[in-house]
Amino acid sequence: MSSPGSGPQPETPASPGPQAPQDVRYDSFTVVHPIAQVITWLIVAGLFIGGMITVFVDENAPWWAAIFVILVSLFLFFGLKMLVGVSYSLRSSVMEIMAGYRRVKIPVGAVGYIGRARFPGRMAMRISRYNLVSASGEGVEIVTRDGKYVTARTKHADEVIQAFLDGGMHPDTLRIPFPREAVKYKHLDKIERAERA
């Protein structure tokens, strides 16, 4: 006979998943085309200097012309900057990756596989909205639980992976081998990655 007050006890979960913190933030930017970046700087600097000289030399120029030159220069700088690199931004447990005008949003809980990779030049030719590789080099491969294959350049792969973990991705994701059967891309063998047992 059970003692008074003793009833069935609730079961303790064996291994609860990580709780996704809502205030984790991460930002990084990797320049993929350094020559294009220099050209961007030269274009913006030339426009800014030429515009400011014109405004101050021309006695008939309105006062707001200097502000206009500054705003146009900033707009071009940030617009062209996005064309020469890849940016990562984690907010509210969703990682947004941008390369040029291509953008992918990945909830950290949807990641089934993530790992470092080195992409060959032919990856830039892969036609997919989830391909954010525009030149050869190192980066990350991500396969979501619903089968999306996301590839993106970054020089900060370890930081990006840690940001996914901090945002709430399950740690076991880093033990899962690359799911070849879930990815439909015929040049997977050309990509260098650390194979997991």
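If you read the sequence from its start, that first residue is 1, and numbering goes on from there.
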On a heavy-atom basis, the closest approach of Leu165 and Pro171 is CD2-CA, 3.8 Å

Working to the nearest 0.5 Å, report the span between CD1 of Ile106 and CD1 of Ile142. 4.0 Å

Let me confirm one number: the OG-CD distance from Ser87 to Glu96, rounded to the nearest 0.5 Å. 7.0 Å

Ile67 reachable from Phe77 in the ILVMFWY side-chain graph, under 4.5 Å edges: yes

Would a hydrophobic clustering, with Ile, Leu, Val, Met, Phe, Trp and Tyr connected at side-chain separations under 4.5 Å, put Val72 with Ile53? yes

Heavy-atom closest pair, residues Arg153 and Ser136: NH1-O, 2.8 Å

If we ignore hydrogens and angles and just use 3.5 Å, is the side chain of Ser93 paired with the main-chain N or O of Gly167 as donor and acceptor? yes

Co-membership, hydrophobic cluster, residues Tyr149 and Leu132, 4.5 Å side-chain: no

Taking all heavy atoms of Gly139 and all of Phe119, pick out the closest pair and write down the distance. CA-CE1, 3.8 Å

Does Val104 offer a backbone N or O that forms a donor-acceptor pair with the side chain of Arg129 under 3.5 Å? no

Might you work through the side-chain contact (heavy atoms from CB on, under 4.5 Å) test for Leu188 and Arg193, ending with a clear yes or no? CA-CA 10 Å; Leu188 285 177; Arg193 69 179 66 83; 4.0 Å; yes

Can you tell if the side chain of Tyr185 reaches within under 4.5 Å of the side chain of Met123, non-hydrogen atoms only? yes

Rounded to the nearest 0.5 Å, the CZ atom of Arg116 sits from the CD1 atom of Ile161 at a distance of 7.0 Å

Donor-acceptor contact present, side-chain Thr151 to main-chain Val133, <3.5 Å: no

Please name the pair of heavy atoms, one in Ala157 and one in Val140, separated by the smallest distance, quoted to 0.1 Å. CB-CG1, 3.8 Å

Is there a donor-acceptor contact under 3.5 Å from the side chain of Arg102 to the main chain of Asn131? yes

Under 4.5 Å between side-chain heavy atoms, counting indirect links through other Ile/Leu/Val/Met/Phe/Trp/Tyr residues: same cluster for Trp64 and Phe75 or not? no

Nearest heavy-atom neighbours spanning Val160 and Met95: O-CE, 4.3 Å

Taking the side chain from Ser92 and the backbone from Val94, do they hold a donor-acceptor pair closer than 3.5 Å? no

At what distance, to the nearest 0.5 angstrom, does NE2 of His156 lie from OH of Tyr88? 9.5 Å

Less than 4.5 Å apart, side chain to side chain, heavy atoms only: is that true for Lys155 and Val86? no

Is any side-chain heavy atom of Phe164 closer than 4.5 Å to one of Ile114? yes

Non-hydrogen atoms of Phe48 and Val69 that approach each other most closely: O-CG1, 3.9 Å

To the nearest 0.5 angstrom, please state how far the CD1 atom of Ile176 sits from the NE2 atom of His170. 9.5 Å

State the CZ-OG distance between Arg103 and Ser89, to the nearest 0.5 angstrom. 9.5 Å

Thr154 side chain reached by Glu159 side chain, heavy atoms, under 4.5 Å: no

Spell out, yes or no, whether Tyr26 and Val150 are grouped together once hydrophobic residues are joined by side-chain heavy atoms under 4.5 Å, including indirect joins. yes

